[in-house]
Structure formats: structure tokens, C-alpha cells
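Because the structure is a prediction, the values reported are computed rather than measured.
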2 protein chains.
Amino acid sequence: MMARLNMRELALKLGVDRATISRALSSDKAHLVAPATRERIRQEAFAAGYRPDLTAAALRRGRSNTIGILVSDLGNETFIEVIRTIFRYLDKRPGEASLTPLIAETLDQPDATRRLIDTFLSRRVDAIISLASTEADTPILQQAAREVPVVLAIRSIAGAVFPSSLCDDRAGGAMVATHFAERGHKVVCQVQGPPLSATFKNRALGFSEVCAARSIVEMPQRIFAENATSAAGKRALDAMLGMSPRPTAVFAHNDALALGVIEAMRHRGLRYPEDLAIVGFNNTHLSRVLAVPLSTVDYPVEDVSRHAGELVRNLIDNPSYRFESRLFVPSLIVRASS
Amino acid sequence: MMARLNMRELALKLGVDRATISRALSSDKAHLVAPATRERIRQEAFAAGYRPDLTAAALRRGRSNTIGILVSDLGNETFIEVIRTIFRYLDKRPGEASLTPLIAETLDQPDATRRLIDTFLSRRVDAIISLASTEADTPILQQAAREVPVVLAIRSIAGAVFPSSLCDDRAGGAMVATHFAERGHKVVCQVQGPPLSATFKNRALGFSEVCAARSIVEMPQRIFAENATSAAGKRALDAMLGMSPRPTAVFAHNDALALGVIEAMRHRGLRYPEDLAIVGFNNTHLSRVLAVPLSTVDYPVEDVSRHAGELVRNLIDNPSYRFESRLFVPSLIVRASS
DNA sequence: AACATCTTGTCAATCGATTGCAAAAAGTGT
DNA sequence: ACACTTTTTGCAATCGATTGACAAGATGTT
């Protein structure tokens with residue numbers, strides 16, 4: 001491997017001091033060096049292929065321009081979209097060095113959060129965004145929050161007050177129930193994602209509240225999917241068909257679960273919405289592609305991401321920033337499936 | 001934010017030198033410190049919540065224990081699975097510090113690769129794995145390869161010799177064509193992903209070669225999807241139906257495209273495989289969930305990932321390692337759709 | 001011409017961990 | 001007790017960029 005050119009060598013070559021180079025290449029201190037010199041240095045540095053060592057810069061500055069992101073499942077389209085959007089937003093800081101994401105996946109395994117947060121802190125991330133928090137993570141996150149800003153997105157934690165940017169899942173669940181009520185359904189059912197995550201708990205809660213208020217019968221035992229995937233959705237339909245009275249509409253806690261239910265129906269020759277109306281959650285690409293498009297709840301990706309980005313940015317610039325956590329309202333998208 | 005405990009302070013507190021602490025906590029030099037002292041230091045360090053600063057360590061060592069990963073689309077299940085598997089493999093190095101992935105997405109945009117590789121190099125990654133290479137990236141990758149090992153996975157680049165771990169996409173395409181031939185299809189079609197990526201080019205090539213050899217008519221103009229998504233697949237079906245003679249079987253270059261085609265068929269009341277047989281590629285979860293499960297080509301995720309991991313590991317340990325690029329054969333999975 | 005002010009650049013300390021070298025301590029053999 | 005090897009620990013330089021303090025030079029003011 002080739003030896004790299006460092007600032008000292010470049011300085012020697014250009015006949016100026018390292019300090020001048022550092023300032024010329026920086027964005028905040030560039031005004032301290034004469035325009036002519038600055039340009040010359042920038043050009044020569046580029047021509048020589050000089051690349052500043054960010055590990056050295058991070059050490060000296062105490063800031064790594066790095067943000068740790070914790071996500072439960074990289075296979076989830078919505079999470080990915082939120083991550084993308086947050087960084088698209090954060091990179092729009094004119095003149096500022098760009099922030100590199102450190103992405104880590106917990107798969108909701110008990111010890112993963114602790115281990116990954118540890119890595120983040122050792123790598124001196126400037127902030128941590130968790131899209132993967134569960135109740136069990138509270139102590140770890142609180143401890144981390146003493147060293148760097150910790151922002152919660154998508155998933156909340158009951159009790160603990162972290163700056164957060166969330167979707168009002170309860171309202172989302174309620175919308176679906178209301179929609180079912182308006183369509184005249186009397187017996188309905190939920191296919192619930194793992195209750196480990198507050199997301200699913202709240203969707204269930206909002207749905208049940210409305211059902212209770214409008215005296216819609218919800219199947220006594222809700223169906224829990226061990227993970228929020230289409231395979232689990234498929235199994236859910238079997239459970240549902242055995243029940244009596246049989247539900248005429250089902251709320252799947254996300255679109256993947258809904259797809260599973262739909263395919264299981266197709267397999268049995270059942271049709272939706274005729275035999276069973278169905279609504280999903282997240283408004284993924286999938287929901288639009290289906291021959292009978294899926295009604296679903298549109299996740300406010302843009303809002304949640306932007307606010308999470310703002311929180312992070314402000315908290316990095318000023319750790320005692322008086323943040324405001326926010327809850328964004330999703331919107332029901334009615335398509336042919338319900 | 002709380003000030004962090006550094007090694008100097010910890011040393012003071014324990015009444016030993018920083019050097020001793022460094023050695024006690026390391027894995028490779030731990031034998032240089034007396035067992036009793038080592039244990040005491042480890043316990044005290046843990047109790048005091050000491051966390052070594054990896055930016056400092058990286059600077060001094062010239063190794064960051066970080067690997068840059070370039071991926072074209074984080075929404076692609078197969079890519080994610082490969083990334084997961086590579087790191088599961090790399091973390092199995094007993095006694096070695098764990099490697100942190102720096103994941104970046106190019107979305108196949110022209111300038112993204114250059115910019116992201118630059119960031120990687122500035123952050124002093126120990127190696128780069130690209131799952132996103134296109135022909136246009138050759139010069140940038142070659143330049144990067146002079147500073148750190150660069151390994152290609154999934155997507156190859158014609159001409160340039162980088163250590164690589166690939167799927168034999170050509171063989172995959174050929175398998176599908178052979179399968180069609182055996183089922184007696186005379187007129188077939190491909191829905192091809194963007195030819196920017198060698199992956200799709202090779203799938204097309206392998207398929208076409210077999211068609212030619214067995215005198216199967218391939219529709220003169222192949223259908224190109226501008227991106228390999230289900231929406232594009234949906235549009236593809238329209239194009240296909242206008243053709244004459246009409247194909248009786250279609251090879252979609254990945255499962256997402258196949259899903260699009262399937263849903264478009266369902267929309268028009270066509271049935272598969274009766275009206276049109278279909279085979280996808282990648283063996284994603286989706287293909288198994290469908291009511292009529294999708295025939296598909298199983299991507300050798302495990303093999304490709306493991307070999308990519310081995311390449312990286314060996315090249316990091318020894319930059320002049322005589323690597324061997326490999327091509328893994330996928331396997332056709334015949335289900336009800338063809 | 002004397003003095004204040006502003007610009008531009010240099011010097012040198014600093015961030016925190018790692019490691020070659022050498023000193024101190026402990027162990028071994030006679 | 002002595003010479004010796006081996007083990008354990010400490011000292012201090014080092015990685016590369018950043019930045020406060022300061023000096024030299026340029027410009028302006030009266």
C-alpha cells in the first residue's frame with residue numbers, strides 16, 4: 001500500500017506552515033488566510049491528492065462528525081427510508097463537514113444494544129439516533145445520554161424522556177378502526193407485531209380504543225406475530241379462520257404482515273376485500289404494486305426524519321438545547337383492499 | 001455532557017503507567033503484563049466505566065478497525081443479507097478487535113462513488129468492499145486500491161482485476177433458459193434490470209446464449225427496467241403483451257421485478273404459470289410467500305459473503321496476499337410459477 | 001513620523017492511546 | 001552472595017491535524 005501524504009509533508013512542499021494549510025482547507029477558519037494563498041493551497045492540495053486524516057482531526061477536535069444509528073432490522077423499508085432522509089437532511093448544512101453514519105443492527109436481541117452503543121461511544125460518535133429502542137434499553141440509553149446526545153425516532157420508550165421524533169401510532173390504529181366502523185364491520189381482528197416495540201403496542205391500543213367506543217367486537221385474543229414478516233402474516237390467517245364469529249376485516253400492523261395474510265387468502269381461494277377486508281401500515285412500495293392495492297396507513301417518514309435531524313443537529317451544536325419531542329400524525333390511505 | 005475518563009486519569013487512579021493499562025486491555029500485548037495486575041486493571045477499568053478512545057488508537061496505530069461498504073441500494077434484501085453475513089463472518093476472529101462497518105449507499109448515482117470512497121479513505125478505513133461497482137467506477141476504485149485493499153462482491157467490473165467474490169450470473173441466466181426449454185417454451189422474454197450493473201448484463205447473456213443454442217425465440221427487443229423494482233416490472237408486462245408472437249415464459253432479473261409482473265397479470269385477470277410462466281432471481285422471502293410461489297434462482301449469499309470476508313481479512317493482514325477471486329454457482333429453485 | 005488596527009502567518013502545545021527501549025524487579029543457578 | 005536470565009513496568013516519542021498565543025507585516029489615521 002502506498003504511503004499517504006500528510007499535512008506536514010504538504011506544508012514543506014508548499015513552503016507554508018501546517019497551520020495555514022489546516023485553516024485554508026477548513027470551512028470555518030478559512031477567512032483567516034489570504035484569498036490568494038487559500039486558493040493556491042486548495043488547488044495544490046487537490047493536485048497532490050492530499051486527504052486529511054479524519055481520525056487525527058477527530059482526536060484533536062473531540063468531534064468525529066459521525067453519528068451512530070441503531071436500527072432493529074435493516075430489511076425494513078421504512079427504517080431505511082428514515083435513515084436516508086435524516087442524512088439527506090443533515091448533509092444540507094452548508095459549509096459544514098458532512099456527517100458519516102455508523103449504522104448498526106440490533107435484530108432486537110437483548111444484548112445487542114449495549115454492545116453497539118459501547119462501540120459507538122468508543123468511536124466518539126457525536127450523537128446517537130435509535131430507531132430500535134425497547135423498554136429494556138432504557139438504562140443503557142440513559143447512560144449513553146450522559147456522554148452524547150441520544151435521539152429516539154420511530155420507537156418511543158415509556159417513561160424515559162429522550163428527545164424524540166415519532167409517529168402517532170395510536171392515532172394510526174384508531175384511524176383504521178374508525179374506517180372499519182364506517183364501512184359497517186362488526187367483527188374485526190388485529191395481526192399485531194411483536195409487542196416488544198412500542199410502535200406495535202400503540203397501534204393496537206389506538207385500534208382497540210375505537211373498537212370499544214363503537215362497540216365493534218374485536219376478536220378476544222389478538223394475534224401476535226413473533227416477527228413482523230409476511231411469513232408470520234400467513235400463519236396469522238389460519239388462526240383467524242378458526243375463530244367464531246369470524247372477523248370481516250383485519251388490521252395488519254404493517255404491510256409485510258398484510259402481504260402474508262393476502263397471500264394466504266389467495267392460496268385458499270378467498271378474495272379481499274370481499275371475504276376479508278384488510279388494511280396494512282407503512283405505505284410501502286409493495287402496497288401500491290398489488291393487483292388489488294392495499295389500504296394502509298402512510299407513515300410520516302419525511303416529518304419524523306426531518307425533526308429527528310433537527311434534534312440531532314441542534315443538540316450537537318448545543319447540548320443543553322431545549323428540545324421539543326414531537327409526534328407526527330400519519331394518514332390513512334384507502335385503496336381497494338378495504 | 002459529562003467529561004470522559006481517559007487513560008491518563010485512570011492510570012493515576014490505579015497507580016500504574018498508561019502503558020501498562022494499554023497493554024492490559026489489549027488482546028495482543030496482554031501477555032506482557034503480570035496476570036494479577038492485568039486482572040486488577042481490567043476490573044477497575046470496567047468499574048470506572050473507562051472506554052478507550054478509538055479515534056486516538058486509530059491515529060496511533062494507523063488502523064481504524066473499520067471497513068467501508070459501498071452498496072447501491074439499501075432497500076435490496078440480498079445486499080443487506082450479504083452485508084450481514086460478511087460481518088457475522090468477520091466478527092468471528094477470536095481475540096481480535098471487532099470491525100465496524102461504514103455503510104454508504106450510492107443509488108447508482110455517477111458521482112456518489114467518488115465522494116463516498118473519499119470519505120472512507122479520509123476516515124482511514126482498513127479496507128473497502130464494494131457491492132455497487134459499475135464500469136464508470138474503475139478509475140476511482142483503482143486509485144483507492146493503492147491506499148487500502150478493495151474487494152468487489154456481487155458486482156464485477158470487466159477488465160479490472162480486483163479481488164472479488166461473485167455469483168455466476170451468467171450460469172444463473174442459463175439455468176433459467178434451460179428450464180424454459182425443458183418445459184417446452186418456444187417464445188420467451190427477459191425483463192432486464194439496468195445494464196449499468198454487470199449482474200444484469202451477465203444474467204441476460206447467459207439466458208440469451210442458451211436460447212440461441214436451443215433455438216428458442218427471444219423477443220427481439222429485451223425489456224429494460226430503469227430500476228429493478230416491482231413498479232418497473234408492472235410496466236414491463238404491458239410492453240410484453242403488445243408483442244407478437246407473445247412469449248409464454250418470462251425471466252425477470254430479480255424477484256421484485258417478477259412481483260411487478262405477477263401483480264400486473266393479476267390485475268388483468270391473467271394467471272401464472274398458465275398464461276405466462278415466470279422465474280425470478282434471488283430467492284427472496286417474497287418469492288416463498290406468494291400464493292403461487294415463485295420459481296427463482298437462489299443467490300449463493302453464504303458463499304459470496306464468506307469469500308468476500310476471507311479476502312478482506314487476508315488482505316488487511318497482508319496487503320500482498322495472493323488472493324483468488326471466485327465465482328459461485330447459484331441454483332435454480334423450481335416452484336409453482338413455471 | 002508615530003501610533004493604532006487589521007491581516008496573515010508561524011510556533012508549539014494539545015487531543016488520547018500505543019509501543020520501542022530501557023530500567024527495575026523477580027527468578028534461577030552456582 | 002553473585003552473576004545471569006526472564007518477567008514486569010515505566011519513560012517518552014509518536015501518530016496527524018487543530019488552535020490559542022503571538023509576531024511580523026500591511027494599512028490607515030492624525
Side-chain angles (χ1 to χ4, degrees), chain A residues 1 3-42 45 48-66 96-97 121-126 147, chain B residues 1 3-42 45 48-66 96-97 121-126 147:
Chain A
M1 298 293 115
R4 273 182 272 245
L5 181 67
N6 66 22
M7 201 177 254
R8 167 176 264 115
E9 291 157 0
L10 182 63
L12 210 65
K13 206 154 118 176
L14 298 197
V16 295
D17 194 84
R18 322 214 276 307
T20 308
I21 297 191
S22 172
R23 288 193 267 254
L25 297 181
S26 87
S27 49
D28 53 333
K29 296 208 166 40
H31 62 103
L32 290 178
V33 33
T37 331
R38 192 199 310 149
E39 273 319 300
R40 185 173 72 94
I41 290 179
R42 288 193 171 172
Y50 171 70
R51 223 190 301 278
D53 184 325
L54 293 187
T55 65
L59 172 59
R60 170 62 226 233
R61 273 207 278 233
R63 283 209 27 192
S64 61
N65 284 317
T66 271
E96 301 230 18
L121 293 176
S122 271
R123 295 208 174 270
R124 296 299 183 252
V125 295
D126 297 335
E147 298 191 29
Chain B
M1 298 292 116
R4 274 181 272 246
L5 180 67
N6 66 22
M7 201 178 254
R8 169 176 263 114
E9 291 157 0
L10 183 64
L12 211 65
K13 203 153 120 178
L14 299 198
V16 295
D17 192 83
R18 326 215 274 307
T20 308
I21 297 191
S22 173
R23 288 192 271 250
L25 297 181
S26 85
S27 49
D28 53 333
K29 297 207 165 43
H31 62 105
L32 290 177
V33 32
T37 330
R38 191 199 312 150
E39 273 319 301
R40 185 173 73 95
I41 290 179
R42 289 194 169 172
Y50 171 71
R51 223 189 302 279
D53 183 325
L54 293 186
T55 65
L59 172 59
R60 169 64 225 234
R61 273 204 281 231
R63 283 211 25 192
S64 62
N65 284 317
T66 270
E96 301 230 16
L121 293 177
S122 272
R123 295 208 175 270
R124 297 299 183 255
V125 296
D126 297 335
E147 298 190 27

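Legend: residues meeting salt bridge (charged side-chain N to carboxylate O under 4.0 Å, His left out) with R4(B), ordered by chain and number and at least two apart, are E147(A). Evaluation of the side-chain contact (heavy atoms from CB on, under 4.5 Å) rule for A34(A) yields T37(A) as partners, not counting sequence neighbours.
Note on the helix from dA1(C)-dT30(D) to dA26(C)-dT5(D): angle between the axes of the first and last five pairs equals 50°, rounded to 10 degrees.
With a heavy-atom cut-off of 4.0 Å to chain A, the contacted part of DNA chain D has its first and last nucleotide at dG16(D) to dG20(D).
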With the criterion being N/O to N/O and under 3.5 Å, what pairs connect the protein with nucleotides 24-28 of chain C, and how long is each?
none

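Across all non-hydrogen atoms, the minimal contact from L10(B) to Y50(B) is CD2-CG, 3.8 Å. The two residues S122(A) and R51(B) make their nearest non-hydrogen contact at OG-CG, 3.4 Å.
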Exercise answer: donor-acceptor pairs, residues 16-26 of chain A side-chain atoms, under 3.5 Å, sequence neighbours excluded:
from	atom 1	to	atom 2	distance (Å)
D17(A)	OD2	A19(A)	N	2.8
S26(A)	OG	R23(A)	O	3.1
S26(A)	OG	D28(A)	OD1	3.4
S26(A)	OG	K29(A)	N	3.0

For residues 53-63 of chain A, dump all side-chain donor-acceptor pairs below 3.5 Å to protein atoms at least two apart in sequence or in another chain.
from	atom 1	to	atom 2	distance (Å)
D53(A)	OD1	T55(A)	N	2.7
D53(A)	OD1	T55(A)	OG1	2.5
D53(A)	OD1	A56(A)	N	3.1
D53(A)	OD2	R124(B)	NE	3.2
R63(A)	NE	D126(A)	OD2	3.4
R63(A)	NH2	N65(A)	OD1	2.9

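Looking at heavy atoms from C-beta onward, L12(A) lies out of side-chain contact with E9(A) at the 4.5 angstrom threshold.
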A correct 5'-to-3' footprint of nucleotides 7-13 of chain C, with B, S and - meaning base, sugar-phosphate only and no protein heavy atom under 4.0 Å, is -SSBB-B
